[in-house]
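Structure, as structure tokens:
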Amino acid sequence: MILRMSTMFLRTLRDDPVDAEVPSHRLLVRAGYIRRASPGGYTWLPLGLRTLNRVATIVREEMDAIGAQEVHFPAMLPREPYETTGRWTDYGPNLFRLQDRRGVDYLLGPTHEEMFTLLVKDLYSSYKDLPLWLYQIQTKFRDEARPRAGLLRGREFLMKDSYSFDIDQDGLQRSYDAHRAAYLRTFDRLGLPYAVVSAMSGAMGGSASEEFLFPCESGEDTFVSCTKCDYAANTEAVRVGEPAKIDFASFAAAVVHDTPATPTIATLVDLFNSRADLKRGDRVWTAADTLKNVVVNLRHPDGRIEPLAVGVPGDRDVDLKRLEAQVAPAEIVDFTEEDFAKNKNLVKGYIGPTALGEKNASGIRYLLDRSIAIGSAWITGANAPGRHVAGLVYGRDFSCDGVVDAADVRDGDPCPKCSAKLHIRRGIEIGHVFQLGRKYAEALGLTVLDQNGKTQVVTMGSYGIGVSRAVAAIAEANHDELGLKWPTAVSPADVHIVIAGKPGDETAGAGEKLAEELSAKNMTVILDDRKGVSPGVRFKDAELIGTPRIIIAGRGVATGVVEVRDRRAGTASEIALADAADYVAKMPAT
RNA sequence: CGGGCUGUGGCGCAGCUUGGUUAGCGUGCUUGUCUGGGGGACAAGAGGUCGUGGGUUCAAAUCCCGCCAGCCCGACCA
């Protein structure tokens, strides 16, 4: 197939679009792959659509290869199934909702667990039919509060979602493993580097869940990987080990001190180190000796607001994403000045554990970070303006209503598995495999009869790949200052022919002939046959568009050679015109 | 959700402080001539509800208010 630049619907931009910050967004717009159509919505131009389709094809091939079967649902879905599973409410403002002319509610599907579950319920009723793996490649809608970074976080995007249906947990594990393996092959073929990280969430119990993250500075997820063992996890999912108990039998009783004007951890530590009666003999006090207590509000899906206090070591911040993952589906919202005003037992800046907890004065549920050991002694708020208490011992002087993983995770923290140092990085989520269990099957009544004629609730898994996001991630991973440089497997064309000679000379004929030969070998060729465009522009556009091979039909044609460039390796060789098509066809994929 | 910055031909920008002829520059686009291996040269053109709605004024791109959109930062501080 020959794509002629003279007629292709394409306009490359000389300047970077100013509103595009991340490289993939900037280059995909500049090279004429996509155009913004609405906040978080993008139009795919011919080049972009070719790449999108190639990514989708690879995903499809790998799904088909493990025996999954493709179906296709509507994007516009009825309310009722989502009402049944509670997600009409749980998804909150992230769900696009609409009504028909009679006022009946619909939604634009953010993901399709309910519909797949009902489809299988509709048609299957025996264990003999299982396992069953179904998938679709479908446009998804999520009303993101802040779409950004082009395709990386849109409100409308293309996703492959698949679902497995098994009679029991063993079957689910096999389905999960098969999908996980297919994902590894898929991302390898797409030329995307990835880290597979544990995304197991406390609130979800033992359900296994792993994310495939493309490591990248502009990513929105933060994950850790161990420098020594194979442990890797989303920071939200990091579970630190239980600390050893400390014997506090010999500890002195807690003492309340006047600590005027110490509303922050830094001022508090400075005061303790500068006052003769407070400083320690053996070492200076640090922020890690203090216990800070943060109060937030939880907004439950039904709209109920519940205050929650969390205690973490003073040298750490509360990681709201981590905390939110554990209180899901509740969301965390600010604890405001008005809330402080309403609860007289909370003294802002001087909140201490003795006022917190369901049994204490404030009545606010109080959770302690898991890293805090029983028997550890702390400097912390004394619940009175300008007063702190020192030597307050957990397990002797105060208690809590539960433990939580809330403190931020840092580079160099010990690995929960082997205690070596953790390395922290950012990444873009490009895939997610998840053992759903029976939640949806139970809610929607998907059961089959087992070999004993007994009714069994089906066990499900769900597996997603962000197809349009993968295009952006591949662009992030494959570009330089000149433009894109696609892996062979997803490039919009296999080769780009630049005609660099004078108009009317033999270079145009040579380019045409080469294009025909390559096309006959089943390759897709971009042929720059534009009239009156200078060689410089042709070179720049070829590099910007970024096919892995570029052929220059220029001054060499007179002596029977063309230049063949490897855009990814940055190398070039002179090849005889007559051999060029064979040579390019045999170049290894990169 | 909060804060900051921004919105002027396709793209990148100036003009706004201090309101006042026909809103300007680069690039891109059209036409012509030249050029032809790194976004080439010269010339002549087309293209604008100055994001949007309201207000102030004799007069608004410019001042004021609302809204919409974009980018960045933040979201808890014991």
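Below, chains carry the letters A, B, ... as their sequence lines are ordered, and counting in each starts from 1.
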Check nucleotides 70-73 of chain B for protein N or O atoms closer than 3.5 Å to its own N or O atoms and list the pairs.
{"unit_1": "G70(B)", "atom_1": "OP1", "unit_2": "R36(A)", "atom_2": "NH1", "d": "3.4"}

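- Residue pairs satisfying the salt bridge (charged side-chain N to carboxylate O under 4.0 Å, His left out) criterion with at least one member in residues 387-399 of chain A, sequence neighbours excluded, are listed as follows: D258(A)-R387(A).
- Counting only residues at least two apart or on different chains, the side chain to side chain donor-acceptor pair (under 3.5 Å) pairs with a member in residues 550-563 of chain A are E563(A)-R565(A).
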Please list, for nucleotides 29-32 of chain B, all pairs of protein and nucleotide N/O atoms separated by less than 3.5 Å.
none

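- Of the candidate nucleotides G37(B), G40(B), G38(B), G38(B) has the atom lying nearest to any side-chain atom of E543(A).
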**Asked** Pairing of RNA chain B as dot-bracket, 5' to 3': ( ) intra-strand, [ ] crossing, | other strand, . unpaired, with Watson-Crick or G-U pairs under 3.5 Å?
**Response** (((((((..((((......[...)))).((((((.....)))))).....(((((..]....))))))))))))....
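- Taking the six-membered ring for Trp, H25(A) and Y42(A) have ring centres closer than 6.0 Å.
- With sequence neighbours excluded, the residues forming a salt bridge (charged side-chain N to carboxylate O under 4.0 Å, His left out) with K140(A) are D161(A), listed by chain and number.
- Taking the salt bridge (charged side-chain N to carboxylate O under 4.0 Å, His left out) definition, one finds that R30(A) meets it with D16(A), sequence neighbours left out.
- The side chain to side chain donor-acceptor pair (under 3.5 Å) search around R370(A) returns E242(A), D405(A), not counting sequence neighbours.
- Under the side chain to side chain donor-acceptor pair (under 3.5 Å) criterion, K513(A) pairs with E517(A), sequence neighbours left out.
- Qualifying side chain to side chain donor-acceptor pair (under 3.5 Å) partners for S573(A), counting only residues two or more places apart in sequence or in other chains: Y583(A).
- Residues meeting the side chain to side chain donor-acceptor pair (under 3.5 Å) test with E481(A), sequence neighbours left out: none.
- Toward the 5′ end of RNA chain B lies the nearest nucleotide of L482(A), the other residue of the pair K292(A) and L482(A) mapping further downstream.
- Sorted by residue number, the members of residues 502-510 of chain A with any non-hydrogen atom under 4.0 Å from RNA chain B read K502(A), P503(A).
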